[in-house]
Every structure is written in C-alpha cells, then in structure tokens.
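All residue numbers refer to positions in the sequence shown, counting from 1.
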Amino acid sequence: MNMGWWSVCLGAFLWGTAGVAAKVMIAEYGMDALSVAAWRIFLSLPVLLVAVFVESAKSGQVGSIRPGHWGWLILFGALLAGYQGSFFMSVEMTQVSTATLIAICSAPIMVAIAARFLFKEALGLRTLLAMGLGITGVFLLAGVDSVTGLAENGNLQGNVWALAAAGCFAGYLLIGKKLLREVSPFRVTGYAFLFGAGWMVPVVQFPPPSWSAWLLLGYLGLVPTGLAYLLYIRGLGTTTATRAAVGGLLEPLTATFLAIIFLGEGFSPAGVGGMALLLVSLLLLSLVREKKEKQLNESADELFTSGS
C-alpha cells in the first residue's frame, strides 16, 4: 500500500472541512472572506513550525534548506496566498459551485500537462481514466447551475479569478514536488506558509470578540490547513504530482457531504452519481502498483538532480 497516496487523500479530505467553517465565519460572524483566508494561514503556523523544529531535530542537516531553495519557497508562499485570495475573489463574484468547478477541475489538467514536461511523468491509461472520472464527478456534484454559469457574461470576471486560483494551486504543487527532491517535506511546508502569511498581512482583519469565533478560526488554521498541508506535502514526496492533483478532488466530495449535514444544502440524484464517479476515480489511483510508483519517482529524482 502506498502510504504517500493515502496521506494525500487524507489531506484533501481535511481540506474539504474548511469550506463549512469558512462559510460560518463569513455568514455568522460577518468576517471578510479574504480575512478568513489570512487567518487560516496565520493560525496554521504553530503546527507547521513545530513540525519543522521536530523534523530538524531528528534529521539534522539532512534535507535542509540551501541558498538556492529560498527563491522557490518565497514563490511557493506567494502562490499559496494567491490561491486563497483568487478563490475567495471568485466566490464573491460568481456562484460558489461555479468557482469550485473551475478551480478544482482545472488544476489537475494543468498539473498533468506541466508534470509531463517538467518531471517526465507518464500519463498512463489508468491515470487518465481516473482524472476523467474525477472531473466528471465534480461537474455532477457542482450541479447544472454551476455549469450553465460558466457561460454567463456576468460571471466572466469571477471565472477568471477561479482560473487564477487553479493556476496558483497547480504552481505551488509543482514547486513543492521540485523542492521535495532535496528538502524535507515539513521544512518545505513550514517556510512556504511563513512567506505566505507575509503576503496576506495587508488583508487581515480581527474577528468579533467571541470565543466561538476564535475556536472556529483555530480549527480552520490547525486542522484543515496546518495538519492537512503537512499530510498532503508529505504524501506528495512519494507520489506523482498528477496523482496528487487528482487526489485533491476529494476536497469537494467532503465539502458536499458536510454542507448537506451541517448547512442543510440540497442534493440532487446527479450529485449521487458524481460522488460515485469520484470514489471510483480515487479507487483506480489507489490500485497503482507501489513498484511502478517508485520507478516514476526515481526517474523524476534523476531528472531533477541532472538539471540542478
């Protein structure tokens, strides 16, 4: 069993819990969406930096950061902040389902194309089939309104922001994959988020003086951000970038379940089919042989080393 793949899936599952928490912060406590995104990054730092400290104490200089890595980490942080800001801008200007549809579905395609050239990742039939099933599943989960909303002129600007969010996600995933060839995973995550927090300082606002608001923000920062990204980045080190991007499709599946349970959102028969397709997609990828996965990563390691 490839534990890296399951680590990616668990990280994506935890990401899916963030949507409900963020929606409550915006609707119940009147917080600005960008400010919620900023706090999400700020409050994840304790978990991430403790992980960096523990990892550094155990591994010493193995997997440490060298001068040539800092530029990539700063760019990672900028893309991380850009993803948060772009996605919430899209949500504000268009339908939430439409924004999610574009951002979540576009990212795996972008990653698959880029990883094919950057890391020589083979796009096998099983991976392509899983990607197709997963993206179709997200379409069905998002619903007819989100699909028709893609063509509405009034949503054009919001759709552009959603594409920007997808590009930022694809960009930092690929940078993370590149850095993980030489830098340990928790160091990559911790320092990238530290720089990302710096980019988000101008948009931060304090929440209302409420213990429940702070507890919810704390959950948002610690679990679906700090813990989730540690799991996802660690898994990314032992699976391909393309598979990790497709694994991220578990996020809207989780978010849909939670929205039905806690927010009372409706659900269509097509959504059931979408969930089924997403689960089949993830099952297909989980069946990739570990030996084949190891060979793909060793091939990428050789390419990265020769190009450094």
key: Thr239 side chain vs Gly235 backbone, donor-acceptor pair below 3.5 Å   = no

ask   = Side chains of Ser212 and Tyr29: does their closest heavy-atom pair fall under 4.5 Å?
value = yes

key: Pairs where residues 226-237 contributes a residue and the test side-chain hydrogen bond (donor to acceptor under 3.5 Å, both in side chains) is met, not counting sequence neighbours   = Tyr172-Tyr229

ask   = Do any pairs count as a salt bridge (Lys or Arg N to Asp or Glu O under 4.0 Å) and have a residue in residues 64-76, sequence neighbours left out, and if so which ones?
value = Arg66-Glu182

key: Contacts of type side chain to side chain contact (heavy atoms under 4.5 Å, CB included), residue Ala22, not counting sequence neighbours   = Val36

message = If hydrophobic clusters are built from ILVMFWY residues whose side chains come within less than 4.5 Å, do Val201 and Leu220 share one?
response = yes

query = Can you tell if the side chain of Ile233 reaches within under 4.5 Å of the side chain of Leu236, non-hydrogen atoms only?
reply = yes

query = How would you list, by chain and number, every residue that makes a side chain to side chain contact (heavy atoms under 4.5 Å, CB included) with Ala12, sequence neighbours excluded?
reply = Trp15, Leu250

Name the atoms and distances for all side-chain donor-acceptor pairs under 3.5 Å in residues 38-50, with sequence neighbours left out.
{"residue": "Trp39", "atom": "NE1", "partner": "Gln205", "partner atom": "O", "Å": "2.6"}
{"residue": "Arg40", "atom": "NE", "partner": "Thr225", "partner atom": "OG1", "Å": "2.7"}
{"residue": "Arg40", "atom": "NH2", "partner": "Pro224", "partner atom": "O", "Å": "3.2"}
{"residue": "Ser44", "atom": "OG", "partner": "Ile41", "partner atom": "O", "Å": "2.6"}

message = Please enumerate all residues that pass side-chain hydrogen bond (donor to acceptor under 3.5 Å, both in side chains) together with Thr254, with sequence neighbours excluded.
response = none

message = Once side-chain hydrogen bond (donor to acceptor under 3.5 Å, both in side chains) is applied, do any residues pair with Thr136, and if so which ones, sequence neighbours excluded?
response = none

ask   = Ala170 and Ala107: which non-hydrogen atoms are nearest, and at how many Å?
value = CB-O, 4.2 Å

request  = Kindly write out the residues that satisfy side-chain hydrogen bond (donor to acceptor under 3.5 Å, both in side chains) with Ser35, not counting sequence neighbours, or none if the list is empty.
outcome  = none

inquiry  = Do Ile109 and Ile135 make a side-chain contact, defined as non-hydrogen atoms from C-beta onward lying under 4.5 Å apart?
reply    = yes

ask   = Between Val183 and Ser64, what is the shortest heavy-atom contact and its length?
value = CG2-O, 4.2 Å

note = Hits for side chain to side chain contact (heavy atoms under 4.5 Å, CB included) against Ala37, two or more places apart or cross-chain, chain-then-number order -> Gln84, Phe88, Met200

key: Counterpart residues, side chain to side chain contact (heavy atoms under 4.5 Å, CB included), relative to Ile175 (two or more places apart)   = Trp72, Leu75, Phe76, Leu79, Leu179

inquiry  = Is any side-chain heavy atom of Met31 closer than 4.5 Å to one of Leu217?
reply    = yes

